[in-house]
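Everything on this sheet refers to the single structure shown next.
Naming convention: chains lettered A, B, ... in sequence-line order (proteins, then strands); numbering from 1 in each chain.
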Number of protein chains: 2
Amino acid sequence: MPVTLKELAARARVHPSTISRVANNDPSLRIAPATRTRIETLLRETDYRPNGVARGLKLRQTFVLAVVIPDVTNPFFAALFRGVEDGASSRGYNVLLCNTDGSPERQRSHLLSLHARRVDGIVLASSYLKDPTVRWLRHQAIPYVLVNRFSDEAQDPFVGSDDLVGGRMATQHLIQLGHRRVGHLAGKATVSTGVLRRRGYLAALADHGLEVDSHLITESGYTEEGGARAAERLLTAPNRPTAIFAVTDMTAVGAWGAARRMGLRIPEDVAIVGYNDIPLASRLVPGLTTVHVPIHEFGSAAARLLLEQIETGDAIRRRVIFNPELIVRGSTVAGTDAPAGLRPIAALATE
Amino acid sequence: MPVTLKELAARARVHPSTISRVANNDPSLRIAPATRTRIETLLRETDYRPNGVARGLKLRQTFVLAVVIPDVTNPFFAALFRGVEDGASSRGYNVLLCNTDGSPERQRSHLLSLHARRVDGIVLASSYLKDPTVRWLRHQAIPYVLVNRFSDEAQDPFVGSDDLVGGRMATQHLIQLGHRRVGHLAGKATVSTGVLRRRGYLAALADHGLEVDSHLITESGYTEEGGARAAERLLTAPNRPTAIFAVTDMTAVGAWGAARRMGLRIPEDVAIVGYNDIPLASRLVPGLTTVHVPIHEFGSAAARLLLEQIETGDAIRRRVIFNPELIVRGSTVAGTDAPAGLRPIAALATE
DNA sequence: TTGCGTTGAACAAACGATTGTCCTATCTTA
DNA sequence: TAAGATAGGACAATCGTTTGTTCAACGCAA
């Protein structure tokens, strides 16, 4: 068992509170230099560290944050988590990671658990539109930030990108390349990113006077497999699209695989655009054209927003919106991939 | 502020301990049925949940585990984490995630912090050989499990695979394909996986009466970039290898990229074998031949070992060793990749 | 009516730390 | 020398639960 204040007090023949004050360098403490050094050496010898649980109870602060995401196995969320941890660990916080696998039920039970644990703040990246769990969260006295997806327009502290602009940008790129039949692998109608990116897609069509063909839009969900199936539906249809805008990179990767399996050349037979710019996007051959968003910054910005709320003690409704940016690669324009010698290498991947 | 026992006690006109006993369904409690239902409805109405921090202090158990890894952005560790969480969350545990970026200093400070927080157990997947932090850990009264890498032979609870056998298997495969000059991108001499896989490589050479050429072995570390640089060194040398065994898949991916940039065909000009079988390995074209280990099971087995120690209350020195398995793909044998229509699709990747 | 067994809860002591307040020597100053 | 100031810590309450022990009131039998 680790040493406690009481034990140290007994050994130093002083009151526990004195030890605590020395350990915490309490400026209000007046103490004889001799006593101080005696206590300090004792602290050092025993390698004393205050019990974080007791400390958390007394201070009403646990120095623990939590990140709730669908699945850390998805590179997008892994990078997001790193952003949060990098922003928080230097300030003495540890971070819990909760995977929901997209289940509202699991999300709910995780949040209840985190609340009971009195974590100091929650980063929620798995929320749905009009999410009841988010509503519940608003009434709890616990700082939180929604990331990437929001639940109700402009209600909650939020970090993300402008998905409408991004979706428009991606679609416009395809249209400007001459494509007239542009398909869309749509996200769910219950998720903000799905709705907005689809709206961006429609806006781009309208911008260029193209008619909406509902057969060109199909829901793919957010999984690679969903993307593959949806792409197969689109590409085997009578009047198939010559280009596809997928709601996320993972979905695009699914489409990418489906196209290859069907013997279609990318980008000659079908062009593909994704969203998020995960590392995998640049590793495919041809590279995946995609809408870049600063994933790591999503996380660190969320951490900042959380810490600000924790430190000031009141809820901040600020929204941080990053501008999405189109990255053109070989999946839409042949020969665009960086020349061999200069091909960027994803950095820092240990073991 | 969430409701406390004391407040509920005031409202129900009973003692806090009575509320606690009702909430916890204490069998030793004798109580009038009327009082019980009165309290139960109160609990339901207020949605009472005991303060986890106070509970942790009293029970000396926090129901928090921690996973310490180099970098969750690496698919290997992301999958490992999922294994741990899947094994632990159903039992009421939450899991902290700590990234060390391979820095012993960060690892040490994370462990000190986790110890102060009184987490119930630690999964450590970033340890070094003769790691001082692991030595420290042995003297603390906190359950821990080393995963994938060990620190000192057979000293600690451990989950991993037989890296010597795996390394031998990978190298033997190349030799049996007819390669006589087989290079090795070696891990660090300070990490067990690095040492053992290299030893496996040497053993396979010896098995087949091949001489060791020290120019064919070069340290790559565990990053993709390290793998690329190391592969370039090997492949530009006068008497270059016709095959390469890389210590991990990420390293192999680096080599894979380097070979492509140099205009070498895989596997005709250079064959490549990796280790771990991360999802990316099967997504490359050609697919990466690799040594499969059950990453997710590493995590869930580690969680089981931890929970067992926590529940029984004493340290278990058990070691769980999985058998590695060779997965042959196109990076060593042309045409081995699954036929188009049957190509497996990595499942479940949300957003 | 006295005594005893039950019932139904109340009491109180932890778990370790933090922090505002109080107390007792020792010193200073008039 | 008496009074006030100051230095150096001790005291004690508190954070919210859990749990072994105690206790009052009631019912029942002798």
Check this one for me: any side-chain N or O of Arg55(B) less than 4.0 Å away from OP1 or OP2 of dT18(D)? yes
Is the distance from OP1 or OP2 of dA9(C) to the nearest side-chain N or O of Thr35(B) less than 4.0 Å? yes
Whole angstrom is fine here: how far is it from NZ in Lys58(A) over to C1' in dT17(D)? 16 Å
Students often get this wrong, so: under 4.0 angstrom with heavy atoms, is Arg118(A) touching a base, only sugar-phosphate, or nothing? nothing
How close or far is atom P of dT18(C) from atom CG of Leu29(A), stated in whole angstroms? 13 Å
Below 4.0 angstrom from OP1 or OP2 of dC15(C), is there any side-chain N or O of Lys6(A)? yes
Ignoring backbone atoms, test whether Ser17(A) places a side-chain nitrogen or oxygen under 4.0 Å from the OP1 or OP2 oxygen of dA12(D). no
With a 4.0 Å cutoff (strictly under), does any side-chain N or O of Tyr48(A) reach OP1 or OP2 of dA17(C)? yes
Please state how far atom CZ in Arg38(A) lies from atom P in dG8(D), giving the value in whole angstrom units. 13 Å
Could you please name the option among dG16(D), dG16(C), dA9(C) that lies closest to any side-chain atom of Arg60(A)? dG16(D)
Side-chain-base donor-acceptor pair under 3.5 Å for Arg21(A) and dG20(C): yes
Starting at CG of Leu5(A) and ending at P of dC11(D), how long is that distance when rounded to a whole Å? 15 Å
Charged N to carboxylate O below 4.0 Å: is that the case for Arg317(B) and Asp156(B)? no
To the nearest Å, how far apart are Leu8(B) CG and dG16(D) P? 12 Å
Asp101(A)/Arg82(B) ion pair, N-O < 4.0 Å: yes
Phosphate OP1/OP2 of dT18(C): any Ser20(A) side-chain N/O under 4.0 Å: yes
Whole angstrom value for the distance that separates P of dC15(D) from CZ of Arg117(A): 22 Å
Side-chain heavy-atom pair Asn94(A), Ser113(B) within 4.5 angstrom cut-off: yes
Whichever of Leu57(B) and Thr18(B) has its nearest DNA chain C nucleotide further upstream toward 5': Thr18(B)
Closest listed nucleotide, where the reference is the side chain of Asn24(A) and the choices are dT18(C), dT19(D), dT18(D): dT18(C)
Reading DNA chain D from 5' onward, which residue's closest nucleotide shows up sooner: Arg30(B) or Asn51(B)? Asn51(B)
Side-chain ion pair, Glu153(A) and Lys130(A), N-O less than 4.0 Å: no
Under 4.0 angstrom, heavy atoms only, what part of the nucleic acid is Leu59(A) near: base, sugar-phosphate, or nothing? sugar-phosphate
Roughly, in whole Å, what's the span from NE2 in His15(A) to C1' in dG8(D)? 14 Å
Under 4.0 Å between a Lys/Arg side-chain N and an Asp/Glu carboxylate O for Arg138(B) and Asp152(B)? yes
Integer-rounded Å distance: dG16(D) C1' and Gln61(B) CD: 18 Å
Taking dA10(C), dT18(C), dT18(D) as options, the one with an atom nearest any side-chain atom of Val14(B) is dA10(C)
Assess, by modelled atom type and distance only, whether the side chains of Asp131(A) and Gln107(A) contain a donor and an acceptor separated by less than 3.5 Å. yes
Along DNA chain C (nearest heavy atom to each residue), the more 5'-positioned of Ala54(A) and Pro33(B): Pro33(B)
With a non-hydrogen cut-off below 4.0 angstrom, is Ile31(A) in contact with a base, only sugar-phosphate, or nothing? sugar-phosphate
